[in-house]
Amino acid sequence: MQDNRCRLRVEAEIIGYIPALYKFAHRFHRTESDVEDLVQDTLLKALGNLDKFQEGTSVKSWMFTIMRNAFCTKYARNKREQVGLDDVQINKFSTKPEQEWRVQGQEIEQAIAALNADHRKAVDLVILQGTSYEDAAVLCQCAVGTMKSRVNRARASLSRMLS
């Protein structure tokens with residue numbers, strides 16, 4: 001732009017086209033807030049780049065081109081951006097409620113305590129500590145089949161008590 005008078009004339013013309021810009025922006029967006037954002041973005045770009053405006057060019061066409069380009073740029077950027085968080089990020093920020101697990105843990109402890117001594121010992125060795133049936137049978141001084149039977153009966157009893 002050559003002189004200040006010309007700049008003021010173009011600024012006044014830009015302000016005069018604001019209602020037309022709102023109508024044109026409705027072609028791109030449905031919500032009023034998005035329309036307002038697009039018009040504001042267009043006005044900021046136009047006023048910030050007045051020095052690039054060439055005299056003899058239609059101000060209205062220049063403004064509509066700026067708006068269309070602003071919309072296309074934002075649309076392309078939004079397509080590339082991932083909306084929301086992926087599962088890994090969600091798991092970082094969320095924690096499981098502890099109360100439920102505490103209650104279930106107490107119920108399991110009470111159910112194990114209610115087992116007879118042989119079954120309780122079998123559950124402790126085989127299920128809780130991960131001892132093999134053979135080693136557990138040696139520790140309890142019984143046959144391997146007896147140890148498997150005790151664990152099986154203990155599991156069945158626990159299942160009944162906890163269901």
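All residue numbers in this chain count up from 1 along the given sequence. None of these values were measured; they are calculated from a predicted model.
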Atom CD of Q141 with >12 non-hydrogen neighbours under 6.0 angstrom | no
Give a yes or no on whether Q129 atom CD has more than 12 heavy-atom contacts from other residues, nucleotides or ligands under 6.0 Å away.
->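 Result for CD/Q129: enclosed.
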Non-hydrogen atoms of [X] and [Y] that approach each other most closely:
X    : Y    : value
N116 : D118 : OD1-N, 3.1 Å
M161 : A111 : CE-O, 3.6 Å
F64  : F24  : O-CE2, 3.8 Å

Whether [X] side chain and [Y] backbone form a donor-acceptor pair below 3.5 Å:
X    : Y    : value
S61  : S58  : no
S157 : R153 : yes
R120 : A113 : yes

For [X], side chain to side chain contact (heavy atoms under 4.5 Å, CB included) partners two or more places apart:
X    : value
C72  : R68
A122 : M147, R150, V151
A154 : L115, H119, V123
I15  : I18

Out of curiosity, [X] [atom1] to [Y] [atom2], how far, rounded to the nearest 0.5 Å?
X    : Y    : atom1 : atom2 : answer
K52  : L50  : NZ    : CG    : 11.0 Å
L125 : S132 : CG    : OG    : 10.0 Å
C6   : E11  : SG    : CD    : 10.5 Å

Is the shortest heavy-atom distance from the side chain of [X] to the side chain of [Y] under 4.5 Å?
X    : Y    : result
I108 : L158 : no
L139 : K121 : no
T73  : R77  : yes
N49  : I66  : no
F28  : V35  : no

Sequence neighbours excluded - salt bridge (Lys or Arg N to Asp or Glu O under 4.0 Å) pairs with any residue from residues 15-31 =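 Output for this query is empty, none listed.
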List the steps, then state whether side-chain contact (heavy atoms from CB on, under 4.5 Å) holds for F53 with T57.
-> CA-CA 8 Å; F53 178 76; T57 306; 4.0 Å; yes
Out of curiosity, does [Y] fall in the hydrophobic cluster containing [X] (side-chain heavy atoms, cut-off under 4.5 Å, transitive links)?
X    : Y    : answer
L38  : L47  : yes
L44  : Y75  : no
I112 : L162 : yes
L8   : Y17  : no

Take L21 and I14, measure what side-chain contact (heavy atoms from CB on, under 4.5 Å) needs, and give me the verdict at the end.
-> CA-CA 10 Å; L21 288 172; I14 288 172; 5.6 Å; no
Between the side chains of N152 and S149, is a donor N or O closer than 3.5 angstrom to an acceptor N or O?
->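 On atom types as modelled, these side chains do not qualify, holding no pair under 3.5 Å.
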Just checking, is any N or O donor in the side chain of S159 or R155 under 3.5 Å from an acceptor N or O on the other one?
-> no
Partners meeting salt bridge (charged side-chain N to carboxylate O under 4.0 Å, His left out) with K45 (sequence neighbours left out) |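 Counting only residues at least two positions away or on another chain, K45 forms a salt bridge (charged side-chain N to carboxylate O under 4.0 Å, His left out) with D41.
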Relative to each other, are the rings of F71 and H29 parallel, tilted or perpendicular (30° and 60° limits)?
-> perpendicular
